[in-house]
Peer 1: 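I have a structure here, written as structure tokens, and I will follow up with some questions on it.
Proteins come first, then strands; the chains are lettered A, B, ... in the order of their sequence lines, and each starts at number 1.
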Amino acid sequence: MSDEEFKKYVSHVEEACGEEKDIIVMLKYDTKDEAINKILKRGKIVKSIANVVYELSYDDKVLRLYNTGNILMKKFKDRKEAEEVLKQLLI
Amino acid sequence: MFDPYSVRKDFPILERKVNGHDIIYFDNAATSQKPLQVIDAVKNFYKKYNANVHRGLHKLSQEASELYEDAHFEVAKFINANSIEEIVFTKNTTEAINLIAYSWALHKLGEEDEVLTTLMEHHSNIVPWEILSKIKGFKVKYADIKEDGALDYESLENLVTQKTKLITVTHASNVTGAINDISKIAKLAHENNAVLVVDGAQSVPHMPLDVKRLDLDFLAFSGHKMLAPTGIGVLYAKRELLENMEPFIGGGDMIRSVKYDKVKGCMIEWHTLPWKFEAGTPNVGSAIGLAEAIRYLNKLGMENVQQHERQLTQYALKLLQEDNNISIYGPKNVSTKCGIVSFNIKGMDYHDVALFLDDFGIMVRSGYHCAEPLHQRLGLNGSVRASFYIYNTKEEIERFVETLKEIENVR
């Protein structure tokens with residue numbers, strides 16, 4: 001996925017401080033539903049909580065997708081690794 | 001009488017809805033919202049008075065300079081400094097602490113010296129000292145905290161030696177809300193011929209503070225946490241300290257003269273205080289906003305502000321303590337704590353809690369809150385932080401706690 005296509009869906013990627021990185025992604029409001037559908041199609045739903053949050057696994061990674069358009073990506077090495085996974089999910 | 005419902009009318013942002021819910025803004029330790037009075041003061045400056053300050057001979061520059069200097073007066077009065085010569089405007093608390101590091105410590109400290117701080121500091125009161133210690137070779141020592149997050153004074157006292165030249169502590173923790181006994185630490189510092197730096201980012205906006213009564217050498221705080229715009233902070237320092245310090249940033253407006261001599265080279269004479277430490281065009285608009293923010297807080301009365309936040313904190317602690325799934329960090333006695341409550345919900349990630357709350361229009365902060373050593377010491381990977389201010393109400397705390405219960409039920 002090109003950076004331009006990535007930017008179509010992703011508004012902001014925030015890297016929390018600490019040794020094991022938590023990455024918080026904010027999807028763009030206008031395209032978030034499209035992005036959420038793509039991610040749900042590619043990731044494996046482990047758990048769904050009240051249709052508010054989905055816990056997904058993808059390629060040995062765990063992420064939580066909120067229907068408000070936020071994604072919490074746990075224990076990633078860095079922002080770059082998280083963005084790579086996100087690009088695969090958003091294809 | 002202090003009335004938060006009337007105060008709320010001055011904050012237009014609180015009328016917004018997020019995800020269909022009324023906003024509950026509990027992220028005040030990160031930044032505060034701005035009242036109309038401050039917004040209008042800044043707007044008015046740009047509409048009527050905008051010009052660069054100092055040395056402009058035209059009307060607008062003179063008026064802008066007066067307003068800018070008046071902002072220094074407001075700050076000086078607010079913290080009971082002797083004069084505006086003791087008030088240096090910076091970008092924020094972080095820059096104010098860095099100014100002390102590079103204008104005072106860089107020139108005064110060497111390999112044999114020690115800087116003493118604590119494990120409860122924000123990174124902004126750790127990192128500048130660690131960076132400088134690599135350059136100058138001095139040692140940075142850390143006083144321990146107790147299990148409830150309060151400072152362990154015995155540990156602090158035990159770490160003071162003849163080598164201690166600077167003690168730097170937060171007035172109030174940005175994670176646990178624990179308030180330190182600054183008079184006691186000032187006495188300890190001065191008895192040992194050390195200077196005291198106080199990070200007032202979480203105290204100055206929330207309680208009355210008198211730099212002379214506390215006998216502070218340096219105090220750093222931010223405007224944006226006390227109703228003012230971002231980009232304006234304050235360094236208070238005793239005049240005799242500032243007089244003997246070198247400038248941190250060099251450039252225009254901080255010099256009296258720059259002369260070039262073929263033999264002697266460039267000769268620079270510094271400007272008077274506080275301008276010697278304010279190089280370049282300052283953030284005039286935000287400084288005017290800060291002055292208006294102080295006038296607003298003064299009208300409310302800082303004792304009333306503190307009392308209101310204590311009541312809210314007491315109420316939040318009471319309701320949260322009723323839930324066995326919630327662990328609260330920090331002192332439980334509101335007389336030793338400011339309006340910050342950090343916690344975790346059993347079995348839930350702190351970021352998840354914050355994201356869930358956001359879904360309901362409730363804004364808190366999650367993670368380390370730029371205080372990783374404190375979290376490490378308490379054995380935590382992070383926490384959720386709710387922090388209160390003048391416009392928050394008991395009803396908001398009730399909705400917040402009810403929402404936390406809903407979150408627990410759906411996890």
Peer 1: Could you name the residues of residues 84-91 of chain A that have a heavy atom within less than 4.5 Å of a heavy atom in chain B?
Peer 2: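 Within residues 84-91 of chain A, no residue comes under 4.5 Å of chain B, counting heavy atoms only.
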Peer 1: Counting only heavy atoms not in B/Lys139, do more than 12 fall under 6.0 Å of its NZ?
Peer 2: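 12 or below, so no.
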Peer 1: Once rounded to the nearest 0.5 Å, what's the spacing between atom CG of B/Asp358 and atom CE of A/Met26?
Peer 2: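 B/Asp358 atom CG to A/Met26 atom CE measures 9.0 Å (nearest 0.5 Å).
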Peer 1: Is the shortest heavy-atom distance from the side chain of A/Asp22 to the side chain of B/Tyr368 under 4.5 Å?
Peer 2: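 When only atoms from C-beta onward are counted, B/Tyr368 and A/Asp22 do not touch, as no gap falls below 4.5 Å.
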Peer 1: Using 0.5 Å steps for rounding, measure from the CE atom of A/Met73 to the NE2 atom of B/His351.
Peer 2: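 Rounded to the nearest 0.5 Å, the CE-NE2 separation comes to 13.5 Å.
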Peer 1: Can you establish whether the number of heavy atoms outside B/Arg16 located under 6.0 Å from its atom CZ is more than 12?
Peer 2: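 Atom CZ in B/Arg16 is not crowded, with 12 or fewer foreign heavy atoms closer than 6.0 Å.
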Peer 1: Could you name each residue pair satisfying side chain to side chain donor-acceptor pair (under 3.5 Å) that touches residues 91-102 of chain B, not counting sequence neighbours?
Peer 2: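 Matches after skipping sequence neighbours: B/Thr93-B/Ser222.
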Peer 1: Sub-4.5 Å heavy-atom contacts with chain B: which residues of residues 61-68 of chain A show up?
Peer 2: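 Residues in range: A/Arg64, A/Tyr66, A/Asn67, A/Thr68.
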Peer 1: Distance from B/Ser366 atom OG to A/Leu72 atom CG, nearest 0.5 Å?
Peer 2: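 The CG atom of A/Leu72 is 8.5 Å from OG of B/Ser366, to the nearest 0.5 Å.
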Peer 1: Counting only heavy atoms not in A/Glu4 (residues, nucleotides, ligands), do more than 12 fall under 6.0 Å from its CD?
Peer 2: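 Open: at most 12 neighbouring heavy atoms sit under 6.0 Å from CD of A/Glu4.
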Peer 1: Under the side-chain hydrogen bond (donor to acceptor under 3.5 Å, both in side chains) rule, collect the residues that match up with B/Arg365, sequence neighbours excluded.
Peer 2: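 Per chain and number, B/Arg365 pairs via side-chain hydrogen bond (donor to acceptor under 3.5 Å, both in side chains) with B/Asp27.
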Peer 1: Please classify the contact of B/Asn19 with chain A as side chain, backbone, both or neither, using a heavy-atom distance under 4.5 Å.
Peer 2: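 Only the side chain of B/Asn19 comes within 4.5 Å of chain A.
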